[in-house]
Amino acid sequence: MIPRPVKRYRTPEYPVRLEVLADPDLLLRNVPGNWARNAVLMGALSALLATQSCRPAEKTGGAVKLDPAAVAVAPVFEHGEGRGSTGCVAVAPPSFLSEEEALVVITEELTKAGLEMSGKNVVLEGVVIPPPTMRVRINDKEEEVTYGRPEPLAMDLVDGKHAIGVEYVSMPDYAVLGGGQSLSSVQSYDFRRVAAGVAARVKEQATGIRFGTFYDPMVGVGPDWLGNAGNPKDQMAAWKKACDEAQAESKRLLRLQVKDFVDWLKGQGAI
Amino acid sequence: MSLATARAALQFGSRLTEGSCGIVFFGGEPLLHKGLIRDVVRSGRDMEREGSGRFHFKITTNGLLLDEEFLDFAIREDVLVAMSFDGVQEAQDRHRRTVDGGPTYDLLLPRLRLLLARRPYASVLTVVNPDTAPFLARSLAFLQALGCRYLIVSLNYAAAWTERSLGVLKEQLAELGKLYVQWTQEGRKFYLSPFEVKISSHVNRHCHRKERCELAQRQLSVDPQGYLYPCVQFTKAGPDSAWCIGDLASGIDEAKRARIHAESERVKTPCADCAIVDRCNNSCGCLNWQTTGSVHEVSPVLCRYEQMTLAVADRIGKTLYAKRDPLFLHKHYNAAYPVLSLLEEAGDETPQP
Ligand code: SF4
Ligand code: SF4
């Protein structure tokens, strides 16, 4: 008997994980019967699925030109608290700046500086983000458990010509990038700390990149958002106005983070 | 092994490991040395209290000396206990005999029940030989009905497999595949190796190869005299062999370690053009060396087994995905499944605000 290689093998007729995660509803639509009857478990499931956002490692902007001399990681420029909580004890509800909106702001500022951020979700070779963790109570003991697997860091935007990459730490990124996950109804966020962690990891592990990390400034809606609005229609309008103002302030603070990064790049002689 | 050598091994392991260092007790039969095991585990826990290391411990036993007292200790000290058991009586009694040649099924079944009662998640290891292959599916169904949830099937690759016995094995694996589908559809939670790993090798295609064993890189074996080897089988070769890569006192001979690693990483001769090389378990240096005498030569039996299990695993995946089976979807696509499953079983004990 001798080992005989397989000449051809049909692609299996079930998807790979990233394909399924591209449609997270598939997992929410199909839950084991016992889970569906358990409200806490269903809450945990939605929270945990949100942290497994699909970040396909495609290179739409061409390969990153790796210049070993170019390794430099910018500090996290602090504009905005980046902290807050959601859940039943959170008095002033936070307002998150979505990844899409943030990337528009970042692209605008970097384009003004002469960069072309055409690479999207480009894997930064050699940088691995450890699996996310969360604290759960099992048999009366609170334990930190790890779930998922180590994943490569996929940079949000890349200018391949200048070997410049950036990552924006958004709410769906929070647990994946090391922020931890809560299974209770309260989730606390500290985006600045998570962004600093990402920057430190890149500094430690990457080669050939100038790297910037930005974070959601997480401007909260102030406690007096209701003002004098009395009827439900006015209350809705007041709420929307307060949210819009918070978003505008978040964008302004993010823009300041990016401007500081541009100054830093200039200081580095990169642009 | 003396306690002093074992303690030196703990210190050595903790220096090499950033997180928790896994310590596995291998034999013969490790429970012949229960006293030593207790002392080693206690030493490890003392080191943890002093902040000089973190450990997790594991033992695989044939079960003969497994008793309440040892299980109390294992549970108290958080030592994982796995047990070898080959399934139905015809399979178990064929190769697992007492020293005087007696059968072990009746002797060991109560021990397995005891283990499962105290540790419901204990792994049960089933080894398949050519003459026990006809009982494979029935054996696994028997173990599942007994309450075993972590079922690890492996082959005795060194046995005298023939085309005929491999044919029987193939049929049995197909039967086992049907059982996998049936159990999943019934909502039963279980882990059945090798199918889980094979399904994962497709589902997690983007990172599967990164998880494979790298000989002499992440595991070390320590023999009773304190000599170091790349993995457990190599301890047989002895300290004068090319497989000894140092000792606890003077550390690892990095040149030897690098040579062994490089040798095991060489592309296995028939595998370079194989369409399933990325999903094949051809990289176990221990197994290759044991069966072919070389870390980079694969055994023909392993080759056949890999092809058989892959085909069955992909059939399972296709069938259950087509039905959008909830348990299958979450087990294989939801990275948080182990946590959610644990929470489900622990009841509603999540922290409340
Ligand atoms: S199936 Fe056989 S030939 Fe193919 S990679 Fe595995 S051992 Fe090599
Ligand atoms: S038994 Fe094989 S796969 Fe496991 S650690 Fe040893 S060489 Fe690696």
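These numbers come from a predicted model, not from an experiment. By convention in this document, chain letters (A, B, ...) are assigned in the order of the sequence lines, proteins followed by strands, and residues within each chain are numbered from 1.
Closest approach of B:Y333 and A:P15 over heavy atoms only: OH-O, 2.7 Å.
Residue B:A272: no heavy atom, backbone or side chain, is found under 4.5 Å from chain A. For A:R10, no part lies near chain B; criterion is any non-hydrogen pair under 4.5 Å. Of the two parts of B:D273, only the backbone, made up of N, CA, C and O, holds a non-hydrogen atom closer than 4.5 Å to a non-hydrogen atom of chain A. Proximity to chain A (any heavy atom under 4.5 Å) is restricted, for B:R304, to the side chain, taken from C-beta onward. Of the two parts of B:L166, only the side chain, counted from C-beta on, holds a non-hydrogen atom closer than 4.5 Å to a non-hydrogen atom of chain A.
Heavy atoms from other residues, nucleotides or ligands lying under 6.0 Å from NZ of B:K189 number more than 12. Counting heavy-atom neighbours within 6.0 Å of B:R76 CZ, excluding the residue itself, gives a total above 12. For B:Y191, the OH atom is densely surrounded, since the number of other residues' heavy atoms within 6.0 Å is greater than 12. Other residues, nucleotides and ligands contribute more than 12 heavy atoms inside 6.0 Å of the CZ atom of B:R188.
One finds the CD1 atom of B:I276 at 13.5 Å from the NZ atom of A:K7 (value rounded to the nearest 0.5 Å). Going from atom NZ of B:K323 over to atom CG of A:N30 covers 13.5 Å, rounded to the nearest 0.5 Å. Rounding to the nearest 0.5 Å places CD1 of A:I2 at 12.5 Å from OG of B:S299.
Residues B:V203 and A:V16 form no side-chain contact, since every pair of their non-hydrogen atoms from C-beta on lies 4.5 Å or further apart. Under the 4.5 Å side-chain criterion, counting only non-hydrogen atoms from C-beta, A:P12 is in contact with B:R279. Looking at B:R324 and A:L26, their side chains come closer than 4.5 Å, going by heavy atoms from C-beta outward. In this structure, A:Y14 and B:I199 have side chains that are in contact, with non-hydrogen atoms separated by less than 4.5 Å. You'll find the side chain of A:W35 stays beyond 4.5 Å of the side chain of B:P326, heavy atoms only.
Ranked by heavy-atom pairs shorter than 4.5 Å toward chain A, the options B:L302, B:L310, B:V301 are led by B:L310. Of the listed residues (B:K318, B:R315, B:E306, B:E163), the one with the most heavy-atom contacts under 4.5 Å to chain A is B:K318.
Here the side chain of B:H330 pairs no donor or acceptor atom with the backbone of A:P32 at under 3.5 angstrom. Side-chain atoms of A:E13 do not come within 3.5 Å of backbone N or O of B:A322 as any donor-acceptor pair.
Partners of B:R118 by side-chain hydrogen bond (donor to acceptor under 3.5 Å, both in side chains), not counting sequence neighbours, listed by chain and number: B:E68, B:D72.
When the options B:C274, B:P300, B:C271 are evaluated for a side-chain contact (heavy atoms from CB on, under 4.5 Å) with A:P3, the one that passes is B:P300.
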